[in-house]
Amino acid sequence: MDKVTLISSNSIQDNTNTVSETNSKVSIVSKIFDLRGKFAIIGLTGRTGSGCSTVANILCTEEFSKLALQLPDRNGEQLTNDERKYQIYYDYLKENWIPAIKIKVTLIIVWICMLSEYDSLINDLEKWLEDNIKTGTRKKQELLLIFKKIFENNTNTASIRNKAKEYFKYLNQKDYKYIDDIEKIVQISEFLEKKLPQHYNSLKTIIDEENHHYTIEVFQILGNFIRDRLELEANKQEKVSIIELVNLLIKFYRHKNKNIEKKEKTIIIIDALRNPYEILFMRERYSLFYTISVNTPEEERQRRLYTKSYTRRQVEECDKTEYPNKPSLQEIYLRQNIEKCNEISDIHLFNGYEPNPSNLQLLTKQIALYMSLILHPGLVPPSNEERTMQIAYTAKYNSGCLSRQVGAVITNDQFAIKAIGWNDVPEGQTPCILRNSLNVLDAKADKSAYSNYELYETGFQEKLKNKITCHINPMSKDIKERLHGRHVPYCFKDVYNNKEHGENNQVHTRSLHAEENAFLQISKHGGQGIQGGKLFTTASPCELCAKKAYQLGIKEIYYIDLYPGISKKHILENGIYRPKMKLFHGAIGRAYIHLYQPILSYKDEIRELLNPNQQ
């Protein structure tokens with residue numbers, strides 16, 4: 001819910017209203033739930049080929065019956081708790097299903113491009129391609145030719161360009177009132193639902209005629225170009241970000257649903273967010289915003305793309321854009337970065353191998369569960385997998401690593417927890433986040449926080465000076481102002497590693513990995529063996545930790561994000577006792593609390609609904 005509009009016309013009325021005591025008491029439950037159930041936004045994220053558009057289409061299904069969910073088993077002699085949970089959220093959603101309104105980000109990108117004058121857009125695109133696309137001149141020329149053709153001014157596109165500018169100007173007004181112009185609302189709706197998608201399809205046709213393999217890449221480039229363009233000094237009058245226009249449409253649809261169509265509840269789905277800043281932007285503005293990451297096993301995702309005639313090289317190029325290797329902070333937050341989006345997602349869906357791909361039962365059941373929880377938090381309890389991964393997710397914040405925080409939990413085969421770990425230095429040493437690089441270089445204060453190697457090895461001291469002090473002068477007023485009181489820690493591995501040792505050499509990291517730490521806790525404090533147990537980790541194990549898990553007899557490894565190395569194919573898929581890798585699906589982090597914490601006790605809720613006159 002928009003934090004600035006928490007108090008709405010649906011707020012509990014003043015006691016002076018003449019409402020019968022019975023009706024007032026009955027309405028208490030609905031009014032309390034209205035605080036969370038009137039409005040919600042879902043932002044999808046995921047790699048190309050994972051199925052974000054498929055999930056969006058399911059969420060936009062007009063009627064519950066058209067979801068074609070399997071009927072719950074109600075007559076089984078020995079029902080499982082999972083089957084009982086399915087009965088509960090199936091029945092609830094059947095009575096409360098709300099079709100979502102879809103905002104497609106690709107259409108937003110096209111819309112923003114139409115706001116610019118042709119010459120200005122093409123000149124900026126040509127410069128951006130030259131500075132940012134690391135490929136041959138021929139490919140850049142081919143891409144530029146495509147951009148010229150799809151944005152060419154002609155009589156066929158003049159009308160929609162004018163409408164794009166007119167409607168953006170209208171939506172971007174600071175003090176307009178939608179309700180004053182119902183005709184304009186109808187026109188904008190037709191533009192969004194018919195004319196803009198038709199124009200987008202015509203652009204795809206042009207791209208296909210030139211080179212159909214460029215379709216994904218063209219829109220990836222345009223998205224990153226728009227994000228980067230906001231940083232340029234030129235074209236200030238044309239500045240609008242993707243997420244700002246998405247936000248304008250959220251407000252538009254919310255107003256239209258509530259005041260024009262008189263619908264009580266609004267669910268908006270964004271297909272799809274692929275930039276972490278855009279997710280953070282929405283999260284800071286709406287308390288009922290959830291990021292859903294759609295995840296697919298890598299082999300299946302690639303198979304789907306190859307089925308659509310994409311070559312291996314094109315898939316690799318697409319992945320480089322979505323999963324950049326060692327990106328800068330600017331690249332992480334200004335461009336596509338699915339790895340970071342996945343890391344900060346609230347809910348993870350598994351869109352893998354369906355027994356019957358024609359009806360997507362497994363995927364739709366997951367969507368049904370989380371939609372029912374969004375509408376009614378606490379309707380059913382979390383799964384064993386969610387509960388355990390939530391502990392791993394929480395444990396990672398104990399990490400003092402400067403780069404990435406990872407959490408891990410080890411259980412037996414019944415999900416009983418045996419150990420918890422996070423990536424951090426050995427007990428008794430000082431985490432990197434608590435150390436200051438200037439201490440070790442200058443006065444050598446706080447000596448116990450540093451190793452003798454760091455303090456007295458001349459070669460290392462020189463490397464640290466070159467890496468740190470070349471751009472940080474402790475006496476510089478400008479640097480102090482930019483830091484605003486922040487200390488300056490450093491990563492030992494980054495300083496020590498060089499071309500000789502290899503930039504990604506794991507031997508020289510100060511920290512134990514999260515999985516390694518959890519394994520050692522069992523050895524350190526004693527406990528039963530974990531053969532046949534389970535490992536939960538927020539990032540799948542590297543080669544070193546995979547070998548340890550294999551040796552200890554771990555049977556199943558649940559993970560959120562796949563490690564980019566060869567641990568799965570080389571270590572785990574080897575021998576006769578192969579641990580099974582399971583891509584996690586469920587709610588974690590803030591969503592775990594939002595969705596599973598009841599708004600009021602279920603006993604009180606049902607008592608009030610069934611016995612409204614009871615004191």
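Keep in mind that this is a model prediction, so the values were computed, not measured.
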Between Asn57 and Lys102, do the side chains contain a donor N or O and an acceptor N or O under 3.5 Å apart? yes

Quick one: closest heavy-atom pair of Pro541 and Ile557, and the distance? CD-CG2, 3.9 Å

Check this for me: does any side-chain nitrogen of one of Glu117 and Lys165 sit under 4.0 Å from a carboxylate oxygen of the other? yes

Residues Asn247, Tyr286; criterion side-chain hydrogen bond (donor to acceptor under 3.5 Å, both in side chains); working and verdict: CA-CA 10 Å; Asn247 195 38; Tyr286 298 97; 2.6 Å; yes

Which value, rounded to the nearest 0.5 Å, describes the distance between Leu222 atom CG and Phe225 atom CZ? 7.5 Å

Go through the side-chain N and O atoms of Asn295 and Ser50 and say whether any donor and acceptor fall under 3.5 Å apart. no

I need the Tyr353 OH to Leu362 CG distance, nearest 0.5 Å. 13.0 Å

In terms of heavy-atom contacts, His255 and Ile185 come closest through CD2-CD1, 4.1 Å

Give the intermediate values and the outcome of side-chain contact (heavy atoms from CB on, under 4.5 Å) for residues Val246 and Leu249. CA-CA 5 Å; Val246 167; Leu249 292 183; 5.8 Å; no

The single option from Leu369, Asp346, Leu373 that satisfies side chain to side chain contact (heavy atoms under 4.5 Å, CB included) with Leu595 is Leu373

Between Phe281 and Arg285, is there a cation-pi geometry (under 6.0 Å to ring centre, at most 45° from the normal)? yes

With distance as the sole criterion, is a donor-acceptor pair present between the side chains of Ser511 and Asn423 under 3.5 Å? no

Aromatic Tyr393 / basic Lys396 pairing, under 6.0 angstrom, 45° off normal: yes

One thing to verify: whether Lys163 and Glu166 come together as a salt bridge, which I'm taking to mean a side-chain N less than 4.0 angstrom from a carboxylate O. yes

Begin with the C-alpha distance, continue with both residues' side-chain angles, and end with the deciding distance and a verdict on salt bridge (Lys or Arg N to Asp or Glu O under 4.0 Å) for Glu142 and Lys139. CA-CA 5 Å; Glu142 290 175 349; Lys139 182 176 180 179; over 6 Å; no

Tell me which pairs pass salt bridge (Lys or Arg N to Asp or Glu O under 4.0 Å) where either residue lies in residues 104-116, with sequence neighbours left out. Lys104-Asp271

d(Ser202 OG, Ile206 CD1) to nearest 0.5 Å is 5.5 Å

Arg227 bridged to Glu278 by N-O distance under 4.0 Å: yes

Salt bridge flag under 4.0 Å for residues Glu339 and Arg404: yes

Ignoring hydrogens and geometry beyond distance, is a side-chain donor-acceptor pair present between Gln361 and Thr364 at under 3.5 Å? no

Under 3.5 Å, is there a donor-acceptor pair between the side chain of Trp97 and the main chain of Thr61? yes

Treating Arg590 as the side-chain partner and Tyr290 as the backbone partner, does any N or O pair qualify as donor plus acceptor under 3.5 Å? no

Okay, side chain of Asn172, backbone of Phe168: is any donor-acceptor separation there less than 3.5 Å? no

Measuring from Phe289:CZ to Ile42:CD1, what's the distance to the nearest 0.5 Å? 9.5 Å

Salt bridge present between Arg301 and Glu298 (N-O < 4.0 angstrom): yes

When you look at CD of Glu126, are more than 12 heavy atoms from neighbouring residues, nucleotides or ligands closer to it than 6.0 Å? no

Looking only at heavy atoms, the pair that brings Ile242 and Ile226 closest together is CG1-CG2, 4.0 Å

Between Glu556 and Lys580 (salt bridge meaning N to carboxylate O under 4.0 Å), is one present in this structure? no

dist Cys60:SG -> Ile98:CD1 (nearest 0.5 Å) comes out at 12.5 Å

Donor-acceptor contact present, side-chain Trp111 to main-chain Ala164, <3.5 Å: yes

Are a donor atom and an acceptor atom from the side chains of Arg274 and Asn224 found within less than 3.5 Å of each other? no

So, Glu300 and Arg304, do they make that salt bridge, N to O below 4.0 Å? yes

Do the non-hydrogen side-chain atoms of Leu44 and Ile269 ever get within less than 4.5 Å of each other? yes

I want to check something: taking the side chain as every heavy atom from C-beta on, are Cys52 and Thr45 in contact at a cut-off of under 4.5 Å? no

Would you say the rings of Phe252 and Tyr167 are close, in the sense that their centroids are separated by under 6.0 Å? no

Ignoring hydrogens and angles, state whether a donor on the side chain of Gln198 or Tyr200 is under 3.5 Å from an acceptor on the partner side chain. no

So, do Gln141 and Leu145 sit near enough that their side-chain heavy atoms are less than 4.5 Å apart? no

Exactly one candidate in Val294, Asn342, Thr291 meets side chain to side chain contact (heavy atoms under 4.5 Å, CB included) with His348; the answer is Asn342

With the threshold set at 4.0 Å, does a side-chain nitrogen-carboxylate oxygen contact exist between Asp208 and Lys204? no

Could you tell me whether the side chain of Gln173 and the main chain of Tyr170 form a donor-acceptor pair under 3.5 Å? yes

Does one side chain, of Gln597 or Tyr592, offer a donor that lies under 3.5 Å from an acceptor on the other? no

Taken to the nearest 0.5 Å, the spacing of Ser345 OG from Leu273 CG works out to 9.5 Å

Donor-acceptor pair between Ser189 and Lys256 side chains, under 3.5 angstrom: yes

Just by distance, with hydrogens left out, do Glu152 and Tyr118 show a side-chain donor and acceptor under 3.5 Å apart? no

Scanning both residues in full, the closest heavy-atom pair of Cys545 with His513 reads SG-CB, 3.5 Å

Does either side chain, that of Glu543 or that of Ser567, offer a donor lying less than 3.5 Å from an acceptor on the other one? no

Strictly distance-based, threshold 3.5 Å: is any side-chain N or O of Ser399 a donor or acceptor partner for the main-chain N or O of Cys401? yes

Taking every heavy atom of Gln314 against every heavy atom of Thr311, the minimum-distance pair comes out as OE1-N, 2.9 Å

Does the plane of the ring in His585 sit parallel, tilted or perpendicular to the ring in Phe350? Use 30° and 60° as the thresholds. tilted

When you compare the side chain of Lys38 with that of Thr266, does any pair of heavy atoms fall below 4.5 Å? no

Could you go through Glu299 and Lys568, starting from their C-alpha distance and side-chain angles, then the distance that decides it, and tell me whether this counts as salt bridge (Lys or Arg N to Asp or Glu O under 4.0 Å)? CA-CA 12 Å; Glu299 298 86 352; Lys568 181 176 182 290; 3.4 Å; yes

Work out which heavy atom in Cys113 is nearest to a heavy atom in Leu121; give both atom names and the distance. O-CD2, 3.7 Å

Run the side-chain contact (heavy atoms from CB on, under 4.5 Å) check on Thr296 and Leu583 step by step: do they pass? CA-CA 8 Å; Thr296 302; Leu583 189 55; 5.7 Å; no

Is Glu316 paired with Arg313 through a side-chain N to carboxylate O contact shorter than 4.0 Å? no

Tell me whether Gln366 contacts the main-chain N or O of Leu349 through its side chain, where contact means a donor paired with an acceptor under 3.5 Å. no

Take Tyr558 and Phe536, measure what ring pair (Phe, Tyr, Trp, His ring centres under 6.0 Å) needs, and give me the verdict at the end. CA-CA 5 Å; Tyr558 292 82; Phe536 287 77; 4.4 Å; yes

